[in-house]
Engineer: 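Right, I'll just put the structure down here and ask away after.
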Amino acid sequence: MIQRGSKITIFMLIAVFCAFSFVGCGNSEDDNRFTDGDNDGSSIVEEEESNRDESDENSASDVILSLVSPADGETVESGIVKVVGKAENAPAPGKDKVYIELMSEDGKQLGKSSSLVADLDEEFSADLKYEISDTMKRNDDETVNADLHVYMNDGDGAMAAETTIRIKVK
């Protein structure tokens, strides 16, 4: 004899089975069951366009380094260059490092430094100490032309992004 609780359980199982069969949750080889029979390939074109948009977003995620300070052509006199910039689209802020080098016109390294890229705003800053020797080529105003080179490596050691500006140091 069937008890009252088991009748409710059987009824619920039948209701769930019917719901799934009406909704079509099972696997079906006919993916066009909800179309009018027009298979013009428009869904394929829409899918290709959405994949193309995703690849454009991936290429837009390249790291872009920009310097806020010092400005291009600025003269620095204190023996320390305060470097402030932004690393947009940095892959791992808080872990990524930006490397900074100050090179004279004749290829001699005047100083180097590094900075972590901040977690929240993807900015970096560093105090780069430099030294000028007496033998370096100087301008009429006793300054030395130098290139401030800022770069970031990817996880494999290859160059991910770089930027260079020309400044004068005293």
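Note that these values count all heavy atoms, side chains included, but never hydrogens, waters or copies made by symmetry. Predicted, not measured: the structure shown is a model, and the values here were computed from it.
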Engineer: Take atom NZ of Lys112 as the centre, draw a 6.0 Å sphere, and report whether it contains more than 12 heavy atoms from other residues, nucleotides or ligands.
Structural biologist: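 Not buried by this count: 12 neighbours or fewer within 6.0 Å.
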Engineer: Output side-chain donor-acceptor pairs under 3.5 Å for residues 125-132, partner residues at least two apart or in another chain, one line each.
Structural biologist:
| unit_1 | atom_1 | unit_2 | atom_2 | d |
| --- | --- | --- | --- | --- |
| Tyr130 | OH | Val76 | O | 3.2 |
| Tyr130 | OH | Gly79 | N | 3.2 |
| Tyr130 | OH | Lys170 | O | 3.3 |

Engineer: Go through the steps for Thr135 and Lys108 under the test side-chain contact (heavy atoms from CB on, under 4.5 Å), then give the verdict.
Structural biologist: CA-CA 11 Å; Thr135 60; Lys108 294 180 182 173; 4.2 Å; yes
Engineer: Would a 4.5 Å heavy-atom cut-off, applied to side chains only, mark Thr163 and Ser66 as touching?
Structural biologist: no
Engineer: Check for me, please, whether Ile100 and Ile165 land in the same ILVMFWY cluster - side-chain distances under 4.5 Å, paths through other members count.
Structural biologist: yes
Engineer: Testing Glu123, Lys97, Met152 for side chain to side chain contact (heavy atoms under 4.5 Å, CB included) with Val117, which one passes?
Structural biologist: Met152
Engineer: Identify each donor-acceptor pair in which a side-chain atom of residues 139-149 lies under 3.5 Å from a protein atom, sequence neighbours left out, and give them as a table.
Structural biologist:
| unit_1 | atom_1 | unit_2 | atom_2 | d |
| --- | --- | --- | --- | --- |
| Asn139 | ND2 | Thr143 | O | 3.4 |
| Asn139 | ND2 | Thr143 | OG1 | 3.0 |
| Asn139 | ND2 | Asn145 | OD1 | 2.9 |
| Asp141 | OD1 | Thr143 | N | 3.3 |
| Asp141 | OD1 | Thr143 | OG1 | 2.6 |
| Asn145 | ND2 | Glu105 | OE2 | 3.2 |
| Asp147 | OD1 | Arg166 | NE | 3.0 |
| Asp147 | OD1 | Arg166 | NH2 | 3.2 |
| Asp147 | OD2 | Arg166 | NH2 | 3.4 |
| His149 | ND1 | Thr164 | OG1 | 2.7 |
| His149 | NE2 | Glu162 | OE1 | 3.3 |

Engineer: For the atom pair OG (Ser115) and OH (Tyr99), what is the distance rounded to the nearest 0.5 Å?
Structural biologist: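 Result: 10.5 Å between the selected atoms.
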Engineer: Do you reckon Val63 sits in the same ILVMFWY cluster as Leu67, going by side-chain contacts under 4.5 Å, direct or chained?
Structural biologist: yes
Engineer: How close do Ala161 and Leu65 get, heavy atom to heavy atom, and via which atoms?
Structural biologist: O-CD1, 3.6 Å
Engineer: Which residues pass the salt bridge (Lys or Arg N to Asp or Glu O under 4.0 Å) test with Arg138, sequence neighbours left out?
Structural biologist: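 If we apply the salt bridge (Lys or Arg N to Asp or Glu O under 4.0 Å) test to Arg138, skipping adjacent residues, there are no hits.
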Engineer: Nearest heavy-atom pair of Phe124 and Lys86: which atoms, and what distance?
Structural biologist: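 Closest pair (atom of Phe124, atom of Lys86, distance): CE2-N, 3.4 Å.
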Engineer: I need the Ser69 OG to Lys82 NZ distance, nearest 0.5 Å.
Structural biologist: 8.5 Å
